[in-house]
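Notes to accompany the following structure.
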There are 2 protein chains.
Amino acid sequence: MASERIRPGRYVCGIDAAVGVIGGKWKVLILWALHEYPGIRFGELRRQVPGITVKVLASHLHELEEDGIVHRVAYDEVPPRVEYSLTETGALLNKALEPLGAWGRENIMGGVDRHPEPPGPDAAEG
Amino acid sequence: MASERIRPGRYVCGIDAAVGVIGGKWKVLILWALHEYPGIRFGELRRQVPGITVKVLASHLHELEEDGIVHRVAYDEVPPRVEYSLTETGALLNKALEPLGAWGRENIMGGVDRHPEPPGPDAAEG
DNA sequence: CCGCATCCACGAAGATACTG
DNA sequence: CAGTATCTTCGTGGATGCGG
């Protein structure tokens with residue numbers, strides 16, 4: 001068993017399972033940031049998900065890592081450096097979320113989106 | 001404004017918006033039952049979503065109705081009869097959820113599913 | 001039969017201080 | 001920089017009783 005969220009009998013269907021894994025207030029935003037900026041560091045990720053607290057970001061990253069969505073690489077340096085990215089499963093999840101995102105844009109947000117175009121990798125690090 | 005969940009500035013992207021509308025513990029199960037049994041009555045719907053309480057089912061139905069996902073028809077009879085079904089938007093939402101359901105089945109549930117047919121009968125007839 | 005109102009329990013999320 | 005620990009707050013969901 002990978003985690004508490006992934007165990008037999010918890011879900012009745014795939015949608016239920018997916019929502020159980022990415023549900024909550026922040027996970028999809030983390031996922032999106034991870035997709036936009038592969039190898040993003042903790043502090044930068046925090047800035048990319050405005051409003052999230054350190055504790056919540058850390059715990060959600062742990063959960064996503066447990067669930068095989070997120071890959072974590074810690075470098076043994078001073079100052080410490082940790083990079084996060086999507087696993088293959090995580091990338092597939094993001095792809096599976098695309099139709100849902102399109103639905104949300106069209107039916108909830110009236111076709112508007114606050115981040116129409118990714119700024120590009122050069123905006124990731126300063 | 002349709003509801004508190006649908007207002008400008010609440011979401012940063014379509015996925016976020018969609019999860020905001022269908023998030024929580026029960027909404028996707030309600031959605032699925034509504035898809036399987038169009039025109040289902042309250043009591044029957046309650047049986048189709050095992051474990052849900054009356055209060056939660058009622059409030060979630062109201063939210064889904066506010067958000068334009070669910071259509072509610074009350075017949076002025078004794079005893080009272082109320083039927084629920086998906087709106088067109090709700091049906092589209094269910095369709096948009098299909099890839100997510102497939103992802104969940106394959107990556108979380110190990111390909112198993114507790115109910116034979118995923119939402120979307122016309123998905124199989126293409 | 002349908003559904004709301006009230007009160008209560010629990011987990012998730014926020015703020016802050018602290019460690020390696 | 002990258003987190004952990006703790007306390008508090010808040011929202012969601014659960015149980016029960018009442019009204020149309």
Side-chain angles (χ1 to χ4, degrees), chain A residues 3-5 7 10-12 16 19-30 33-34 37 39-67 70-85 124-126, chain B residues 3-5 7 10-12 16 19-31 33-34 37 39-67 70-85:
Chain A
S3 80
E4 184 60 23
R5 285 164 308 291
R7 56 177 169 78
R10 167 142 194 179
Y11 307 111
V12 299
D16 191 21
V19 171
V21 168
I22 61 159
K25 197 174 168 184
W26 299 108
K27 292 236 177 106
V28 294
L29 300 179
I30 296 174
L34 250 35
Y37 308 101
I40 191 173
R41 298 178 62 180
F42 188 90
E44 177 64 19
L45 185 52
R46 198 180 149 197
R47 280 183 288 276
Q48 288 298 325
V49 185
I52 197 169
T53 60
V54 184
K55 175 196 148 195
V56 172
L57 177 56
S59 69
H60 281 190
L61 281 172
H62 274 147
E63 291 179 3
L64 290 169
E65 192 189 359
E66 267 193 343
D67 295 342
V70 159
H71 183 57
R72 178 183 184 274
V73 181
Y75 297 89
D76 204 356
E77 300 174 356
V78 177
R81 182 162 58 101
V82 181
E83 295 184 351
Y84 294 91
S85 52
E125 201 63 32
Chain B
S3 81
E4 184 59 26
R5 285 164 307 292
R7 55 176 171 76
R10 165 141 194 181
Y11 307 111
V12 299
D16 192 19
V19 171
V21 169
I22 62 159
K25 197 174 168 184
W26 300 108
K27 293 236 177 106
V28 295
L29 300 179
I30 296 174
L31 232 61
L34 250 35
Y37 307 100
I40 190 173
R41 298 179 61 179
F42 188 90
E44 177 64 19
L45 185 51
R46 196 180 151 197
R47 280 185 287 277
Q48 288 297 326
V49 185
I52 198 170
T53 59
V54 185
K55 175 199 151 193
V56 172
L57 177 56
S59 68
H60 281 189
L61 281 171
H62 270 291
E63 292 179 2
L64 290 169
E65 191 190 1
E66 267 192 344
D67 295 343
V70 159
H71 182 57
R72 179 183 184 273
V73 180
Y75 298 89
D76 204 355
E77 302 173 357
V78 176
R81 182 162 58 101
V82 182
E83 295 183 351
Y84 295 91
S85 53

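The analysis underlying the following values was restricted to heavy atoms, covering all of them including side chains, and did not include hydrogens, waters or symmetry mates.
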**Study point:** Interatomic distance, A/Leu61 CG vs D/dG3 P [rounded to whole Å]
**Key:** 8 Å
Study note, to complete from the structure: Closest heavy-atom pair, A/Val19 versus B/Gly24, reported as atoms and distance to 0.1 Å, is CG1-O, 4.2 Å
Point to revise | Atom pair distance, as rounded to whole Å: CZ in A/Arg81 and P in D/dA2 | key: 9 Å
Check your understanding: Considering all heavy atoms of both residues, which atom of A/Leu61 and which atom of A/Val70 are nearest to each other, and what is their separation?
Key -> CD2-CG1, 4.4 Å
Check your understanding: What is the nucleic acid contact for A/Tyr84, judged by heavy atoms within less than 4.0 Å: base, sugar-phosphate only, or nothing?
Key -> sugar-phosphate
Point to revise | Donor-acceptor contact present, side-chain A/Tyr11 to main-chain A/Arg5, <3.5 Å | key: yes
Point to revise | Rounded distance in Å - NZ (B/Lys25) to P (D/dT12) | key: 14 Å
Check your understanding: How do B/Ala58 and A/Trp26 order along DNA chain C: which one's closest nucleotide is nearer the 5' end?
Key -> B/Ala58
Review point. How would you label the contact of A/Val54 with the nucleic acid (heavy atoms, under 4.0 Å): base, sugar-phosphate, or nothing?
Key: base
Check your understanding: Is there a donor-acceptor pair under 3.5 Å between the side chain of A/Arg72 and the backbone N or O of A/His62?
Key -> no
Exercise for review: Taking all heavy atoms of B/Ala33 and all of B/Val49, pick out the closest pair and write down the distance.
Suggested key: CB-CG2, 4.3 Å
Exercise for review: Measure from the side chain of A/Lys55, starting at C-beta and using heavy atoms only, and say which of D/dC1, D/dC7, D/dG14 lies closest.
Suggested key: D/dC7
Study note, to complete from the structure: Correct closest heavy-atom pair for A/Pro80 and A/Arg41 would be O-NH2, 3.4 Å
Exercise for review: Tell me what A/Arg46 touches on the nucleic acid: a base, only sugar-phosphate, or nothing, going by heavy atoms under 4.0 Å.
Suggested key: nothing
Review point. So where does chain A start and stop touching DNA chain C, 5' to 3', when the test is distance under 4.0 Å to a non-hydrogen atom?
Key: C/dA13 to C/dG20
Review point. Can you tell which of D/dA15, D/dG20, D/dG3 lies closest to the side chain of B/Pro80?
Key: D/dG20
Check your understanding: Quick one: does B/Ile30's side chain get under 4.5 Å of B/Ile52's, heavy atoms only?
Key -> yes
Exercise for review: Return the value, rounded to whole Å, for the distance between atom CZ of B/Arg10 and atom C1' of D/dG11.
Suggested key: 11 Å
Practice item. Quickly work out the A/Ile40 CD1 to D/dA2 C1' distance and round it to whole Å. Key: 14 Å
Practice item. Check the distance between D/dG3's C1' and A/Phe42's CZ and give it to me in whole angstrom. Key: 6 Å
Check your understanding: Taking atom P of D/dA15 as reference, at what distance in whole Å does atom CD1 of B/Ile52 sit?
Key -> 12 Å
Review point. Quick one: is D/dG13 close enough that its OP1 or OP2 comes under 4.0 Å of any side-chain N or O from B/His60?
Key: yes
Exercise for review: May I ask you to evaluate whether A/Arg41 reaches the phosphate of D/dG3, defined as a side-chain N or O under 4.0 Å from OP1 or OP2?
Suggested key: no
